[in-house]
There are 2 protein chains.
Amino acid sequence: MNDSAPILASFRTSGTNLTRAKTHNHRVVLEIIRTRGPIGRTEISEITSLSRQTVQNIVGELESRGIVEMHAQKARGRGHPGMMVKLKPDHAYSLGFHVDRLSVTAIACDLLGSIVWQSAAPMAAATPEAANSRILSMVEDFRAAHPAMAKCLFGVGLAAPGPFETGAQTSSGTDATTFSDFGSPENLAELQLAVGLPVVLQNDASAAALGEHVYGIGRSFNSFAFIQFGMGLGAGFVLNGALYPGASKNAGEIGHVVIDPNGPACSCGNTGCLERYLSLNALCERLGLEPTEPGSVARIEALFAEGDPAVLGWIADVAPLMRQMINMIEMMLDPEALILGGIICPEFLQALLDSAAPLPRRLDGSPEEGRIRIGTSGATAVALGATAAAVDALYAPSVSHLLL
Amino acid sequence: MNDSAPILASFRTSGTNLTRAKTHNHRVVLEIIRTRGPIGRTEISEITSLSRQTVQNIVGELESRGIVEMHAQKARGRGHPGMMVKLKPDHAYSLGFHVDRLSVTAIACDLLGSIVWQSAAPMAAATPEAANSRILSMVEDFRAAHPAMAKCLFGVGLAAPGPFETGAQTSSGTDATTFSDFGSPENLAELQLAVGLPVVLQNDASAAALGEHVYGIGRSFNSFAFIQFGMGLGAGFVLNGALYPGASKNAGEIGHVVIDPNGPACSCGNTGCLERYLSLNALCERLGLEPTEPGSVARIEALFAEGDPAVLGWIADVAPLMRQMINMIEMMLDPEALILGGIICPEFLQALLDSAAPLPRRLDGSPEEGRIRIGTSGATAVALGATAAAVDALYAPSVSHLLL
DNA sequence: TTTATTTTGTCAAATTGATAGAAAAAATAA
DNA sequence: TTATTTTTTCTATCAATTTGACAAAATAAA
């Protein structure tokens, strides 16, 4: 059992030092202030297990850098009334873009996920160049509309539909659903240069998962799976407090799990992929709608609202597939919870979920309550998730910032 | 998107300090010495990004504690010839137990995975008490047989068949395949006290995955999935350099992914689970063998070796399921590689793998070479993996040891 | 053979965060 | 009014990595 193969670097082979520990502690303290609103320094000390003095120092530095501010609070109980620390609301903003084959949706929000600006525009062509120029012009739009906020921009998050082709092989040709080159390191570097800010990219499902993790109900969990029900079907996994993107950024492609080898061909090259049955694309196909039509999602929402039998029938038909998907994710990953989201209204997702009852048994006897939740969904959810990706990369603690 | 839910602790909310940084660096240096055999201090410094002086200090301390030793090496190239650092071969040993419903397999090995002692014994009954007493008597056997090594024992790893019921709900009653109470914290604490050494537990698939990670071909990967083909079917996931056990230690239960809701009932309570078709249990069923019979695996190996048509037919029959399983794991986790192991001989596993050709397409264009490998397999693989679990917990760097 | 270069080993001092302890301040409870 | 509790601030200490300089030992080049 001892073949000498190449051995890769990871946290297993990276040392750390005082400086990295400091940045980690700063990020941790900031994360707590961000996620738990105004909070006393003593409580921060208890949560982090850092000494009170250390928290004092860190908060002092954050304050002098203008990131947080103190405000007094009327005492509640015995003892000296402590000052509360909170984020300076107008200190930092991020931009998020949901880049689609058809359109680009943009959002600007603060560190708490409050949206301060948004915009959407169709895209001339499904090419990296069209996406780049659209994004750049929207950045300029935001800067023109909110010059004060624009000065406090710290990063840009991009969410594009996966899967990404990061392998050596050339583009498969048959696949028109991916911006294979949009996500390339070269293009990202170019964009970053043009924007003048850090730029991070995730696929749409991962971005939405980060949205839940950073701003939403995912904050309550260290490990959860987010299911993105969109034109395709994807998932984003947050494991042990961090997004797990996969070795080639393609983890969570549950839409391309083959459930029937004899099923219809999929753009990915296999046949009978789950998303050929369970996705808005599949529903459009059933309804005779054109998925690339801009208003198709709104049309489905309207039909669903008026109780259209074709839509409700489809929901009933895919119930076994919902069960299969849920069972598969839970058995494989054993997450604390599943969060269901997507580009359609929450009521639709709830109906989809309700139809799947009774859910398959789980192995451990954990309670059913909160097993699956409906997350943030709708047209701007992924763009918001993209801002979360920027927050996560630039503000949140992570192992990579702790090591050398 | 701002509901105030309880927020959990993780590395996102844990600070660190000098002391933790030190233990991390020590573990990192030791990990490198362990996995890369004799190695020069300068090279360690380059790998870890720690300064040469720091590595000097750490190695010095490890040496004075008797964990490593230096030996000269003839110079190869210009410059002062450096001393090489290596593990003291007889410094540390761990014990691993593969606890089964039928028997217990024990192994003792050093930090490099070299087996120095092994033993196996049937179990009187499939109860936690029987397992405990069997383990304790085997520990005594080892201590009696190798008193010198026994003095250097640093930990005990246990591998038991999952799934574990860690939820609040009471035992399902229908399930005779799990030692529900054997894995309880109380029982582990009791065992730890009785043995007088740290005791860690993993399910068999996770243990085998750690075996690959610590000693085997898994060392070459930061993220891989290990498939354990045994009486049941399970998987162990190593993600970003660490085992991902799941929220309730039940990640990787691919054997209980339902592939046919109308299929036969499974002990887990669902119907049509994958392992009802793809496992040694299923093969035994096909062959009319009794799975609980001690020699059944050996019997299958013999039949396979002589080209028995029933066995070969079964292998051909399950080929679609192999493809389905591989596709599912790859699409969901996007690992660097898959490693196939189990309690049967490697030739059988290779045949199983060969029959699955052609494999399903992947999303990224990564090369096919090394996509799936045959790992350590056979009767002692899981017990060896159990020792790896002890090594991993007590020697290897991990995020938990870096934080407060 | 001599000289230059390169790499390793060692020493002492500097740096830098986290931490400990004490004392002051400001509130409530008794 | 007094005691208690909690927060804040100050100063000094501690413990790890890092820096820089220099000696030692080998090869490569002149």
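Lettering follows sequence order; numbering is per chain, from 1. Since we're looking at a predicted model, the values are computed, not measured.
Taking atom CD1 of A:Ile58 as the reference point, atom C1' of C:dT19 lies 12 Å away to the nearest angstrom. The distance from atom CD of A:Glu61 to atom P of C:dG17 is 8 Å, rounded to the nearest whole Å. The separation between B:Ile44 atom CD1 and C:dG9 atom P is 10 Å, rounded to whole Å. Protein atom CZ of A:Arg20 is 17 Å distant from nucleotide atom C1' of D:dA16, rounded to whole Å. The NE2 atom of B:His71 sits 15 Å away from the P atom of C:dT8 (whole-angstrom rounding).
B:Arg41 is linked by a salt bridge (charged side-chain N to carboxylate O under 4.0 Å, His left out) to nothing, counting only residues two or more places apart in sequence or in another chain.
The phosphate of C:dT19 (OP1 or OP2) has a side-chain N or O of A:Ser51 nearer than 4.0 angstrom. Listed pair A:Gln56 / D:dT9 meets the phosphate criterion, a side-chain N or O lying under 4.0 Å from OP1 or OP2. The shortest distance between the side-chain N/O atoms of A:Asn25 and the OP1/OP2 oxygens of C:dA18 is below 4.0 Å. One finds a side-chain N or O of B:Arg41 lying less than 4.0 angstrom from the OP1 or OP2 phosphate oxygen of C:dG9. Phosphate proximity of C:dG17 to B:Asn17: absent, as no side-chain N or O sits under 4.0 Å from OP1 or OP2.
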- Verify ring-ring contact (aromatic ring centres under 6.0 Å, His included) between A:Tyr244 and B:Tyr244, making sure each step is shown before the conclusion. CA-CA 11 Å; A:Tyr244 175 72; B:Tyr244 175 72; 8.5 Å; no
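For the pair A:Met84 and A:Leu404, both in contact range of DNA chain D, the more 5′-proximal nearest nucleotide belongs to A:Met84. Along DNA chain C, the nucleotide nearest to B:Glu43 and the one nearest to A:Lys22 differ in position, and the one closer to the 5' end is contacted by B:Glu43.
A salt bridge between B:Arg12 and A:Asp392 is present, with a side-chain N of the basic residue lying under 4.0 Å from a carboxylate O of the acidic one.
Considering every non-hydrogen atom in both B:His71 and B:Pro38, the closest pair reads NE2-CB, 3.9 Å.
Taking five base pairs at each end of the helix from C:dT1-D:dA30 to C:dA30-D:dT1 and finding the rotation axis that steps the C1' atoms of four pairs onto the next four gives two axes whose angle is 0°, to the nearest 10°.
Taken from NE2 in A:His24 to OG in B:Ser14, the straight-line distance is 7.0 Å, to the nearest 0.5 Å. Interatomic distance, NZ of B:Lys249 versus CG of A:Asp334, reported as 11.0 Å (0.5 Å rounding).
Of the candidates D:dT17, C:dG17, C:dG9, C:dG9 carries the atom nearest the B:Met83 side chain, counting heavy atoms from C-beta on. Of the candidates C:dT19, C:dA18, D:dT18, C:dT19 carries the atom nearest the A:Gln53 side chain, counting heavy atoms from C-beta on.
Between B:Tyr395 and B:Phe154, the ring planes lie perpendicular to each other; the angle is over 60°, past the 30° to 60° tilted range.
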- Quick tally for nucleotides 22-30 of chain D: nucleotides whose base has a protein heavy atom under 4.0 Å get B, sugar-phosphate-only ones S, the rest -, giving --BBBBS--
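Of the possible polar contacts, none joining the A:Ser45 side chain to the A:Val55 backbone as a donor-acceptor pair under 3.5 Å is found.
Within 4.0 Å (heavy atoms only), A:Thr42 reaches sugar-phosphate atoms of the nucleic acid but no base atom.
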